[in-house]
Amino acid sequence: MLTSVETTVDDLGFEITSGTLIQSQNISLHIGGKELLSGISLNISKAEIVTVIGPNGAGKTTLLRLLLGLIPASSGSIYRKPKLRIGYLPQRAVFNPVLPLSVSRIMNLTGNYSKLQIETSLEETGVQALKDKPVSQLSGGEYQRVMLARALLRNPELLVLDEPVQGVDYMGESELYNLIGDLRKSHGCGVLMVSHNLHVVMASTDRVLCLNQHICCEGQPEDVTQHPEYLRLFGLDSGSALAIYSHQHDHKHHISGELT
Amino acid sequence: MTFLDDFFWRAVIAGVGVAVVAGPLGCFVVWRRMSYLGDTMAHSALLGVALGLFLKVDLMIGVFAVVLAVALVLFFFQRQKLLTNDAVLGTLSHASLAMGVLIISLMAWVRIDLMGYLFGDILAVSLNDLYWIYGGGILILLTLLMLWRPLLAITFDGELAQAEGVPVLGVQLLFMLLVAAVIALSMKIIGILLVTSLLIIPVSAARRFSNTPEQMAIGGALIGISSVLLGLWASLHVDTPSGPSIVIAAVLFFFAAHILPFRQFKY
């Protein structure tokens, strides 16, 4: 932490530094007597990439929804920077091809953006050529890039990405992560994303949260892969590069399981 | 004396009014995969007829109230996880239809033409119905115009729409209300069992020629109007029940749209 950063403590007890975008304090969620998340405290700052990893049913998407305010927490509190602009990319929904929507049309579903803004945004994610294409004809990678461009239109201070490489082929995955890293630099926005694939994420993330109903461990990717809790969850015997590779293959089946 | 005194012209004007509303509204029924839900709501309309007869209120009001109640029950039932939507819809659909027939048959003092309610009756449209259809229809269209963008956003991705500030629950409830209203308005002319076909078939035909949501809505309305005109004409000249005739006309347009080798559109 830089010492020059201002820190204030507000009346709810949040220690807010000037770069804080979202902070949660000890939030929990119970539904029907079942504890889905417990005691989550986290902080996301300006221009920081935080990746949430965890096994199926760990509550990764639920955590994002709590932080976005889409569902209320059972206990604990969440601080959001006043008027925080969030660009959200949810898990890919099943698109009904009967709905005739073109790419440029979906850019304007909840906002009013000019043609130029839309084209610039699509250009940033490298899909400007698709602007008149029907959404139902996009490939997995094209769709995610279009949705990313759509999120950028809101000029976000924080990008929240749920499985951004979902439906993207292996080659496309690291390109997409690189793009997210570039966007962080060019827009100066924080990024909170959910991923299964620590190996590919490693290069472009600042911090990793390992989630399994609670935060098992967190830190820089190299540290997390050495952490006993992480190793227990993902069944790794060592943190060597080779082991990370084999982890990835071990869990290929596991990953597609969650996508359904 | 005007041409409104002629039962055929009353039916035509009523049918055209209903088709114009059914086009844009039907689009969302199809896009949101709600055709079975619409069917279930429509089947409960007979219960509304029974209720209206029993309480001696205008049948459209009885139908609207019951259909809306069933829609709300369904809406909140969707939030539980024990039964699939499909099973809940199947249960309610037939339960309400059976209950409607039972109650009507128990009310020995009323004589109604059950066939007319189930399949539509060209003779049944009164001047009063026309006021309802056009007054209600304009209200429905205006509300839908207001809801158009938020509904599109929710249909594209509900989660995203919610995150971007669309009041999802309110918009969805209001939409259910509109569907209930259009079912109540079109019941007499199309019939309870066939009412959702006017919501689904014309817009499905129009899909073939549509590149935007709005084209599909307008196309659906135009094909719906043509189906009503063709169906009612057949009904008058061949003496068939009005509902099935309109539906068959719509189906002809549907097959023509999807089978005939029209110029290939972009989509």
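A, B, ... follow the sequence lines: proteins, then strands. Residue 1 opens every chain. No experiment lies behind these values; they were computed from the predicted model shown.
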- Query: Contact part of B:V166 toward chain A, heavy-atom cut-off under 4.5 Å: side chain, backbone, both or neither?
  - Reply: side chain

- Query: Just how far is it from atom CG of B:L74 to atom CE of B:M34, taken to the nearest 0.5 Å?
  - Reply: 9.5 Å

- Contact part of A:L70 toward chain B, heavy-atom cut-off under 4.5 Å: side chain, backbone, both or neither? both

- A:R92 portion near chain B, given a 4.5 angstrom heavy-atom threshold: neither

- Task: Would you confirm whether A:T125, through its side chain, and A:R145, through its main-chain N or O, come within 3.5 Å as a donor-acceptor pair?
- Result: yes

- About how many Å separate CH2 of B:W148 and SG of B:C27, when rounded to the nearest 0.5 Å? 5.5 Å

- Task: Could you tell me which of B:L152, B:V168, B:L160 has the largest number of non-hydrogen atom pairs under 4.5 Å with chain A?
- Result: B:L160

- Looking at B:E214 and A:R105, does any basic side-chain N land under 4.0 Å from a carboxylate oxygen? yes

